[in-house]
Amino acid sequence: MNTENDPDKFRIIVSDWIEQNYPAELRQAPGADGQDPRQSKPYEQAWLQRMAEQGLLAPTWPKEYGGAGFSADQARILSQEQRRAKVRAIPISAGLSLLGPVLLEHGTPEQKSQHLSKIARNECFWCQGYSEPGSGSDLASLSTRAELIGEEFVVNGQKIWTSHADDADWMFCLVRTDPEASKHEGISFLLIDMKTPGISVSPIRLISGPSAFCQTFFDDVRVPKENLMGHLGQGWTLAKQLLQHERQALGSIGRGDARRALTLPELAAQEMGTDDLGRIADPGIRTQVAQCELDSLALRTTMSRSADEARAGQSGGHIASMLKLYGSELTTRRHELMISMRGADGIGWEGPGFTPAAMRTTRQWLRAKGNSIEGGTNEIQRNVIAKRVLDLPE
Amino acid sequence: MNTENDPDKFRIIVSDWIEQNYPAELRQAPGADGQDPRQSKPYEQAWLQRMAEQGLLAPTWPKEYGGAGFSADQARILSQEQRRAKVRAIPISAGLSLLGPVLLEHGTPEQKSQHLSKIARNECFWCQGYSEPGSGSDLASLSTRAELIGEEFVVNGQKIWTSHADDADWMFCLVRTDPEASKHEGISFLLIDMKTPGISVSPIRLISGPSAFCQTFFDDVRVPKENLMGHLGQGWTLAKQLLQHERQALGSIGRGDARRALTLPELAAQEMGTDDLGRIADPGIRTQVAQCELDSLALRTTMSRSADEARAGQSGGHIASMLKLYGSELTTRRHELMISMRGADGIGWEGPGFTPAAMRTTRQWLRAKGNSIEGGTNEIQRNVIAKRVLDLPE
Amino acid sequence: MALVLTEEQQLLKNSAREFVAGTFAVDQVRQHRDGTYPGSDTALRYSRDHWQQMAELGWTGIIFPEQYGGLGLGYAELGIVLEELGRALAAQPFVSTVLLAGNTILRGGNEDQKQSWLPGICAGEKVLALAFQESGRFSPWQISTRADATAEGFQISGEKRFVLDAYGADQLVVLTRTSGSSGDRDGLTLFLVDPAAKGVSITELKVLDSRNAALIEFNGTEASAEQVIGEVGKAADILEPVFDCAIAGLNAELVGIMSEAFERTLEYLKTRQQFGALIGTFQALKHRAADMFCEREHAISMTMAALRAIDNKSHDAILLISAAKARTSDAANLIGRESIQMFGGIGMTDEEDIGLFMKRARVAEMTLGDSTYHRERFAQLSGF
Amino acid sequence: MALVLTEEQQLLKNSAREFVAGTFAVDQVRQHRDGTYPGSDTALRYSRDHWQQMAELGWTGIIFPEQYGGLGLGYAELGIVLEELGRALAAQPFVSTVLLAGNTILRGGNEDQKQSWLPGICAGEKVLALAFQESGRFSPWQISTRADATAEGFQISGEKRFVLDAYGADQLVVLTRTSGSSGDRDGLTLFLVDPAAKGVSITELKVLDSRNAALIEFNGTEASAEQVIGEVGKAADILEPVFDCAIAGLNAELVGIMSEAFERTLEYLKTRQQFGALIGTFQALKHRAADMFCEREHAISMTMAALRAIDNKSHDAILLISAAKARTSDAANLIGRESIQMFGGIGMTDEEDIGLFMKRARVAEMTLGDSTYHRERFAQLSGF
């Protein structure tokens, strides 16, 4: 796509392109085609494909790596125009949003040419191998072992919460390469082809039902030495950098999801009825809805401010922790309110007798409990804010 | 008073006595006599006097020490009948509710005969010398020094939060008698005549205005050796026992105060108006009032349960911390609600333009902030519950 | 009545705890959900054998008079059993059969009807369901299901939702409208209906707590005057106290659920290591545990007081019941949320039990009115 | 407009901070309360000299056009000054003179009226008060004070409460009812009234934040048609945006108040020892500090967005203003409560400053509508 310098002209180019390329089917409400909105559709794939061809999945990456070569301002205009056109959010991709930025900065030239374009073109699917059973919030206590034998690392151990590991092509993975070194210094960052012999994957069932999460087991898995990213023992530094991206991605959850069929006020009006003035009939629920909407607005506004600060070169500091903390708590509150408005309609698990929308509320209510745990628990985020932002003593 | 064994007969005796002796003036709402309800009145004194003559200020103490010699069940009947007759609570007395029970158990025969009857007859007024500037929640870090020289302790140092020290006759006081011993073991418990030379007192002004609190300074104050309660170095043990009584007394704050002119729902109806069905007109405020009333009921019910458990010999354990914690938080919430219902009428400090009732709301709102601090902060109470009740590791 | 257990009640509690521990494992919730629970009819989602065993212990008859085979005890005793069942998330038709349908027959039925059904309930041989609710929210007189008078009696048509334990029930008690319109307290009439009767169609529902609930459609189902419970048009007078007693029972179950969840969380705090320390040493978690403790204590106190108020026929029983429902619902919700948060990632998995407590609590919270409903009712009853 | 300060705004902020630090000490609040503040008229509760100095810096004229002696800047700039004043709890007649009375004249007055008063305000020579409120709660059209038409003009009678800075004001702007009844949006009329006019009686009030507020009685006060601001009966159209801008300004002051209170609390956590450790090492307090931080950040973002929305004449300005008032009020309340709790006993004493922040915040919270009012308005404006 033309990276026109004049912002107004650029905006027109972008918006025209979206107008011409965004599939008509996606402009309907999810589920309006009568199919399960959680299933991927051909027209969704086609849209991703069109975006990828223009490098728009990774707008700020260089064109040589499959990006669009946009400046930060141009990327912002793209995202504004997408929002204005009510383009649905693209599925979160660990390759695009997490690994990519770090790989761009720290990857070897070979690693970059091998992986980046495939990620930007949505041709290669990545999963994240960080957590282990038992490590929990204390991520650095990981014990998956990678021993350098000749030209290969031999990996043994077990990872958990490896999203989509069951259909991922590659995994970026934290491993312990030096058991003698201190907890943080013995860790390295490996890129592992999921087709390598010795890897097995089993999906995790959540309280909300089937999930994208998996457990991944490594049994004498041989990984070429070239697949080390950064230096030996530098894994923890890269991991922390990557976690910042993850927190930002999770913080945006509270902003409200374009895929949700009904807004919270709409749901409340539907479930509780409205009075003569068109207000949500139950005043207690109305107050709670107002509070949630108000808090969403505040979170969105803080995110804008934080973006404006970044553009102005005033780093807001560990804003990601705050957004993650607040965003996930708001999401939890929002879902508690939704489930309580649904009343007995909100207790459906599956099968007949409940609308798909009501059952989705139930599953999402359960799933949302995980938002304050994954990507660093909210307790960890509070610790980080207290330490890094407020400079409170340890 | 006759300590009749049959509970039903005993109840009649008690209720008849209250009926005959409770002054008519006290049956009116506070302030109905046109005088400042915070000022003590002659008829209030007369009522205290009549109670004291019957030993009813200290119902469970032995008659020889000025009590009524009641059993726990009889004392409970007395308190039930007082509540039924809407008898106003007697002013909290450090001698009666705090020192008395500990003195009964640990005092020497001489100390008991010297002090208990006077306390029970409301003739001698005590204050508590525990906290020091800087000691805060870490009470045992106190540094007021008492050196045994000959037959006398020589006391030097400073106490804070000594309620009513400016018109108290005696103080019970924690002092450090052994600076070499460990923090908790070097403390002793002294009874100090406030008329002793070298004691000076200055009142403390709070955010809510003048208060009963004082600072008390000791400058070579000589206290006879006989005024030591318990053994030398046993002060901390006695102090903790006494603190339990204090927490219980403070926990009861949340139960609602018979002296308060309007109940919370009445105030809400007055300030917000009522609808056609007589409900508080503002539904949001009504919900909050309902929550406060509901929580008060829960607290009262838990206090009844705890009393029933004690009678049944099933100690509920550190219930005092819970009551203090919950009671003070509820009081804070209640006052926040009250001040917010008063709107601009709730910002009066003094002088014309505001009703006395509204100004009382304002001062009480400020004063109530201290409830979660005094008698051990709520943070301390949570620590105690976590450690003693929940047995969480340290 | 004091807010402590009598010696007899303590014995009952001990035996209930023992039976429950030996009979119900929390994992049965998953088995009922996944259809792997042993037995011939997995859709039943509870065990008739266990129901029978509890009847032998007298529990199904606790609130029923001795003349119908019951123990003639009170709600304080029933609460003890329900609390223990709550701890194990034991799925049993107590609320449906004893507290709703059975109590409706006891309070509203004629001698014939009582003799026909109450001994069967006490003996553990009969399971009954009360079909009342029609919309998503508890709103007892919002009834549109009609029972139209015919030459022979009545003809029932309409839809009932979330009918607890309706699948496999031996008899249905059905709330219908014989006059007036939805929302009126008057004009409601109760019928005993054979689930096998013509025009009755029962669809089993799959719900969050994996228990038995169903959708029932009545399509011109015939009912005779003998099937009417109490007076035509006066069902609300019978049902109001029935609902209240059932709520008091649900509160006890909620206390059991939250107590077990809380204790399991405490145990986790005492065993789980992070950053080289037991997570129970982290002050922020300690303080939140202390808050959960306070909320649970109040839920226990209010639940006990409400149960005893029913037994004492206290004038403030209804107020206490609604207040207790609001408190137990809120406390269970808090403890449910905090438990999962403190368990962390493992708490989110289906493999770990803790999430099952939150699921059952959610259903119990909203059954017969959630905390918003009961806070509102408390305000109304308090007159402000 | 981006949610960051421009270079010019940053310079303004620096100079405001410097001036405030050198001019206003928090202890002045006590001096105003106790009548010990140096100066001839202690009842004024602010300093005319300081007002003059701020005028010389241009601050009193920030929002007024250059033709009236102002700077012709925007609310974003005014907010910067108010935030810094908030940090020192500086009592100055900004809200009354600039945001309420001055802005009313600017938006509603004729050229004569503007020329008479705005240059005086910009020059720091005039202090004005807007007398509108009559009841305890902000309810802008609940006005009963009458202005009855007479042969010569109007006669004003009625009582105004909580009139900010009315004591010692050079002129009053008075909201009256010329037709209709209390609550009607129509029929309201604004007058310029000399406080020394016959029938005006001003009683100074002593309020929580020790600032200047008064009760005003009008008893047949005469006013001519020239004293009317705008059209007779149409005052609401003038006042609605005036109130909104004043709220946006109060939000900025609240941000200053809560920021200073929060930072002082953090400082206390870093220096106060208990049990042999700095209390800032206790995790429970850390986590609560982190929560306070989040709330404050949102209050800052919303306040900035609302001020800029006014300057941009954005269609969502009103929504943002109300949302920001609700958020700043709630955040200030939280931080006020938590600050005192973390300071412990010393925080309860009048000697320690921290309590003064809570007192001023309380008044600002409820001025022109508290968080309940604005949450409700937000819901209304959002259409649900």
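Every chain is numbered from 1 and lettered A, B, ... according to where its sequence line falls, protein lines coming before strand lines.
The choice from C/Leu205, C/Ile354, C/Leu215 that makes the most heavy-atom pairs within less than 4.5 Å of chain A is C/Leu205. When the candidates C/Arg362, C/Glu204, C/Arg161 are compared by the number of heavy-atom contacts under 4.5 Å with chain A, C/Arg362 comes out ahead. Contact count versus chain C (heavy atoms, under 4.5 Å) is highest, among A/Arg382, A/Met359, A/Glu336, A/Arg367, for A/Glu336. Ranked by non-hydrogen atom pairs under 4.5 Å with chain C, the options A/Ile204, A/Leu206, A/Asp282 are led by A/Leu206. When each of C/Ser371, C/Gly344, C/Gly355 is scored by its heavy-atom pairs under 4.5 Å with chain A, the top score falls to C/Gly344. Of the residues considered (A/Ala140, A/Gly370, A/Gly351), A/Gly370 shows the highest number of contacts with chain C, using heavy-atom pairs under 4.5 Å.
Closest approach of A/Leu366 to C/Met348, counting heavy atoms only: O-CE, 3.6 Å. Pairing each heavy atom of C/Gln274 with each of A/Ser135, the nearest pair is NE2-O, 2.7 Å. In plain terms, the two heavy atoms of C/Gly136 and A/Asp345 that are nearest each other are CA-OD2, 3.6 Å. When all heavy atoms of A/Ile347 and C/Phe162 are compared, the closest pair comes out as CD1-CD2, 4.4 Å.
C/Arg30 contributes atom CZ, which lies 9.5 Å from atom CZ of A/Arg205 (distance to the nearest 0.5 angstrom). We find the CZ-CG distance between A/Arg363 and C/Leu208 to be 9.0 Å, quoted to the nearest 0.5 Å. Expressed to the nearest 0.5 Å, how far CE of A/Met341 lies from CG of C/Asp370 amounts to 11.5 Å. A distance of 3.5 Å separates CE in A/Met272 from CZ in C/Arg137, rounded to the nearest 0.5 Å. In this structure, A/Ile160 CD1 and C/Thr349 OG1 are separated by 7.5 Å, a value rounded to the nearest 0.5 Å. Separating the CG atom in C/Asn333 from the CD1 atom in A/Ile339 is a distance of 10.5 Å, to the nearest 0.5 Å.
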*Run the numbers on C/Met366 and A/Arg342 for side chain to side chain contact (heavy atoms under 4.5 Å, CB included), then give the verdict.*
CA-CA 10 Å; C/Met366 73 80 218; A/Arg342 293 278 192 189; over 6 Å; no
*Applying side chain to side chain contact (heavy atoms under 4.5 Å, CB included), run through C/Met358 and A/Lys369 and close with a yes or a no.*
CA-CA 11 Å; C/Met358 186 175 74; A/Lys369 300 285 173 227; 3.7 Å; yes
*Show your reasoning for whether side chain to side chain contact (heavy atoms under 4.5 Å, CB included) applies to A/Trp349 and C/Asp209.*
CA-CA 9 Å; A/Trp349 183 247; C/Asp209 61 357; over 6 Å; no
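For a residue to count as touching a neighbouring chain, one of its non-hydrogen atoms must lie under 4.5 Å from one of that chain's; by this rule A/Ile380 touches chain C with the side chain only. C/Glu352 does not touch chain A: none of its heavy atoms, backbone or side chain, sits under 4.5 Å away. Residue contact with chain C, scored on non-hydrogen atoms closer than 4.5 Å, is absent for A/Ser131. Neither the backbone nor the side chain of A/Ser141 comes within less than 4.5 Å of any heavy atom in chain C. Of the two parts of A/Phe213, neither the backbone nor the side chain holds a non-hydrogen atom closer than 4.5 Å to a non-hydrogen atom of chain C.
Between the side chain of A/Glu350 and the backbone N or O of C/Lys206 there is no donor-acceptor pair closer than 3.5 Å. Under a 3.5 Å cut-off, the side chain of A/Asp138 and the backbone N or O of C/Phe275 do form a donor-acceptor pair. A side-chain donor-acceptor contact under 3.5 Å links C/Lys359 to the backbone of A/Ile207.
Taking the side chain as every heavy atom from C-beta outward, A/Glu379 and C/Arg288 approach each other to under 4.5 Å.
By the 6.0 Å contact criterion, NZ on A/Lys387 is open, its count of non-hydrogen atoms from other residues, nucleotides or ligands being 12 or less. Counting heavy-atom neighbours within 6.0 Å of C/Glu351 CD, excluding the residue itself, gives a total of 12 or less.
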